Amino acid sequence: MSTTHAEGSVKVAVIGVGLVGTEFVNQLLSFPSPSPFRLVALQSSKKLLSNPDGLLELTLSNWKGTFDQTKEMENLPKTAEEKRDQLHRCIKGLSKLVKLGQRVVLVDNTSDEIVAGSYPVALGYGIDVITPNKKAFSGSAALYSDILCVASNGSGAEFLNESTVGAGLPIISTLKGLVGTGDKIRKIEGVFSGTMSYIFNKFSTGEAGGDNFSEVVFEAKKAGYTEPDPREDLNGADVARKLTILYRTIISHAVDPQSLKDSELLVEGFKEVNPFSLVPEGLESVSLQDFMDGLPKSDAKFSKTREDAAKDGKVLRYVGVVDLTDPSKPVIKAGLEQYPKNHAFATSLQGSDNIIMFHTERYGGRPLIVQGAGAGAAVTAMGVMSDLLKLA
Ligand SMILES: NC(=O)C1=CN([C@@H]2O[C@H](COP(=O)(O)OP(=O)(O)OC[C@H]3O[C@@H](n4cnc5c(N)ncnc54)[C@H](OP(=O)(O)O)[C@@H]3O)[C@@H](O)[C@H]2O)C=CC1
Ligand SMILES: N[C@@H](CC=O)C(=O)O
Ligand code: NA
């Protein structure tokens, strides 16, 4: 059945058609008619499907086949500079639709730094940016403040990044609601990694014995919870990125972006957080395959840590904290902690669940808590779709 489109529909250009991107396009094309959205471009690292008049006639049942059959781009960009130029040309092409008075959204479903670095260009052309990609908001303060400045300079374009923290869970929107209405954040703490949650919910139940550490890591990868390279999860970088995003969302609220200093925004982003790493020594820089092959050698060490905690009646959980109790000395940290078996982090989490507690002035001694699946294609794409709905 063909989809009809609402007058003045939002034009959507998708970059990144992997796990999350594929599910996102499925959700977009499942939207009931008349759909407020119209796909105008689909791009992977090798293929670009677009139409000079800006519209793609794709349906839920034919889009994947059509994209798979699309020929690879000629003269594929090789260097970072070539990739950036190619991307900027595509964004400039999209800006023609903006000039015609249409709302255009770039949906970045990659984990690519170069794509993330192009957000100021897109926003500058009046193209909205929606993404689950954490790179732009957790990297250098220079890029982050560029994004804030361009987004506030009157082009009317917005950036929305709900799925960068807690996947589809309403974490960013809850935080914006709290700070936007004048509440004071004292501390945000919780289990922020779907991968780490899955691993420790299965690996450390408080009982002796159980699966090997490497087995549960491979299961988390197979389930689509990990980053393309699971070391990004295991070394704490992914949690550090999420904590950086939350911290920056708080401090950039209601402040003129021009007045924010890079030092306030963490000059080097997540690299300043220094999380505890679970990647065994010697496997940090080897190929992904060598890492996977080498991980089982550390199983005994992880089992010992689990048994030591179990002897004290405790379980292991990987937890992150943004502590603003003293706002002049923010503390951002992430690491492997031990919790009693009756603690909320031990009893209430299953699968890839995240649990995030907002301790604020208004909520007093009983924090506002958001909990649920924090990784996986379906829930992540839902968060991206829900951001898109805010613009429709
Ligand atoms: N998986 C999850 O549960 C969650 C993921 N996220 C985030 O969502 C994003 C996507 O994750 P996921 O779908 O799992 O990752 P995948 O690796 O499955 O997909 C990423 C896609 O991006 C494409 N890509 C990479 N670089 C470029 C580029 N320069 N231009 C065009 N396309 C490019 C790749 O194309 P090709 O195949 O051609 O190489 C690939 O298909 C990541 O940023 C991740 O952190 C956020 C929350 C949860
Ligand atoms: N790899 C991430 C995916 C979501 O951000 C995680 O495990 O949480
Ligand atoms: Na979220």
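Side-chain atoms are counted along with the backbone in the values below, which use heavy atoms only and exclude waters and symmetry mates. Source: prediction; values computed, not measured. Whatever order the structure lists ligands and atoms in, that order sets their numbers, starting from 1.
At least one N or O atom of Glu227 sits closer than 3.5 Å to an N or O atom of ligand 2. The distance criterion of under 3.5 Å between nitrogen or oxygen atoms is not met by Pro228 with respect to ligand 1. The shortest N/O to N/O separation between Val20 and ligand 1 falls below 3.5 Å. Among the atoms of Ser45, some N or O lies under 3.5 angstrom from an N or O of ligand 1. Residue Thr195 has at least one N or O atom closer than 3.5 Å to an N or O atom of ligand 2.
Under 4.0 angstrom from ligand 1, the non-hydrogen atoms of Thr380 all belong to its side chain. In Thr164, neither the side chain nor the backbone holds a heavy atom less than 4.0 Å from any atom of ligand 1. Residue contacts with ligand 1, taken as heavy atom pairs separated by less than 4.0 Å, do not involve Val379 at all. Contacts of Lys47 with ligand 1, taken as heavy-atom pairs under 4.0 Å, are absent altogether.
A donor-acceptor contact shorter than 3.5 Å is absent between the side chain of Ser204 and the backbone of Phe200. When atom types are taken as modelled, the side chain of Lys11 and the backbone of Phe37 share no donor-acceptor pair closer than 3.5 angstrom. A donor-acceptor contact shorter than 3.5 Å links the side chain of Asn51 to the backbone of Leu55. A donor-acceptor pair under 3.5 Å links the side-chain atoms of Thr59 to the main chain of Asn62, judged by distance alone.
Inside a 4.0 Å radius of atom 42 (C) of ligand 1 there is at least one protein heavy atom. Shown here, atom 37 (O) of ligand 1 is out of close reach of the protein: none of its heavy atoms lies under 4.0 Å off.
When each atom of ligand 1 is checked for a heavy atom of Ala375 under 4.0 Å away, the hits are 3 (O). Against a heavy-atom cut-off of under 4.0 Å, Gly376 is close to the following atoms of ligand 1: 2 (C), 3 (O). Every atom of ligand 1 is numbered from 1 in the order shown, and the set under 4.0 Å from a heavy atom of Gly18 is 18 (O), 19 (O), 21 (C), 41 (O). Within ligand 1, the atoms closer than 4.0 Å to a non-hydrogen atom of Asp112 are 26 (N), 29 (N), numbered from 1 in the order shown. Every atom of ligand 1 is numbered from 1 in the order shown, and the set under 4.0 Å from a heavy atom of Ser163 is 46 (C), 47 (C). Residue Gly194 has at least one heavy-atom neighbour below 4.0 Å for each of these atoms of ligand 2: 6 (C), 7 (O), 8 (O). Close approach to Ile15 involves these atoms of ligand 1, each under 4.0 Å from a residue heavy atom: 30 (N), 31 (C). Listed by atom number, the atoms of ligand 2 under 4.0 Å from Lys134 heavy atoms are 4 (C), 5 (O). Counting the atoms of ligand 1 from 1 in the order shown, those under 4.0 Å from a heavy atom of Gly224 are 1 (N), 2 (C), 3 (O). Against a heavy-atom cut-off of under 4.0 Å, Val115 is close to the following atoms of ligand 1: 28 (C), 29 (N). Numbered from 1 in the order shown, with element, the atoms of ligand 2 that lie under 4.0 Å from a heavy atom of Thr226 read 1 (N).
Between Glu232 and ligand 2 there is no heavy-atom distance shorter than 4.0 Å. For Ala167, the heavy-atom gap to ligand 2 stays at 4.0 angstrom or more. Heavy-atom distances between Met196 and ligand 2 stay at or above 4.0 Å for every pair.
Of all protein heavy atoms, the one lying nearest to atom 45 (O) of ligand 1 is Glu227 OE1, 2.7 Å. What sits closest to atom 18 (O) of ligand 1 on the protein, heavy atoms only, is Leu19 N, 3.0 Å. Protein heavy atom in closest approach to atom 4 (C) of ligand 2: Lys242 NZ, 3.6 Å. Distance from atom 20 (C) of ligand 1 to its nearest protein heavy atom, with residue and atom name: Asn109 O, 3.7 Å.
Enclosure of atom NZ in Lys333 is not indicated, since only 12 or fewer non-hydrogen atoms of other residues, nucleotides or ligands lie within 6.0 angstrom. Within 6.0 Å of CZ in Phe218 there are more than 12 heavy atoms belonging to other residues, nucleotides or ligands. Shown here is Lys64, whose NZ atom has more than 12 heavy atoms of other residues, nucleotides or ligands within 6.0 Å. Atom CD of Gln350 has 12 or fewer neighbouring heavy atoms from other residues, nucleotides or ligands inside a 6.0 Å radius.
When each of Lys221, Arg241, Lys134 is paired with Glu227, the salt bridge (Lys or Arg N to Asp or Glu O under 4.0 Å) condition holds for Lys134 and for no other.
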Check your understanding: Would Arg306 and Glu207 satisfy salt bridge (Lys or Arg N to Asp or Glu O under 4.0 Å), going step by step from the backbone distance to the final call?
Key -> CA-CA 9 Å; Arg306 165 177 64 191; Glu207 309 302 324; over 6 Å; no

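Figure legend: Arg317 and Phe345 shown without cation-pi pairing, the cationic atom not lying both under 6.0 angstrom from the six-membered ring centre and within 45 degrees of its axis.
Between Arg231 and Asp229 there is a salt bridge, with a side-chain nitrogen of the basic residue lying less than 4.0 Å from a carboxylate oxygen of the acidic one. Residues Arg38 and Glu57 are paired through a salt bridge, judged by an N-O separation under 4.0 Å between the basic side chain and the carboxylate.
Draw a line from the Na ion (ligand 3) to O of Ala167 and another to O of Val165, and the angle between them is 100° (to 10°).
The Na ion (ligand 3) lies at 3.0 Å or more from every N, O or S atom belonging to Ile172. Within the coordination shell of the Na ion (ligand 3), defined by N, O or S atoms under 3.0 Å, Pro170 is absent.
Minimum interatomic distance between Asp290 and Leu283 (heavy atoms only, all atoms of both residues): O-CD2, 4.3 Å. Ile147 and Ala136 get closest at one heavy-atom pair: CD1-CB, 3.7 Å. The two residues Ser173 and Lys390 have their closest heavy-atom pair at CB-NZ, 4.4 Å. When all heavy atoms are compared, the tightest approach of Met385 to Gln27 is CG-OE1, 3.5 Å.
The option from Pro132, Ala378, Ala373 that lies nearest to atom 8 (O) of ligand 1, judged by heavy atoms, is Pro132. Around atom 1 (N) of ligand 2, the closest heavy atom drawn from Leu234, Asp233, Asn354 belongs to Asp233. Closest to atom 22 (O) of ligand 1 by heavy atom, among Val384, Thr110, Thr226, is Thr110.
Asp183 and Thr360 share a side-chain donor-acceptor pair at under 3.5 Å. Neither side chain, Gln86 nor Glu81, offers a donor N or O lying under 3.5 Å from an acceptor on the other.
Phe159 and Tyr144 have perpendicular rings, their planes meeting at more than 60° on a 0 to 90° scale where under 30° would count as parallel.
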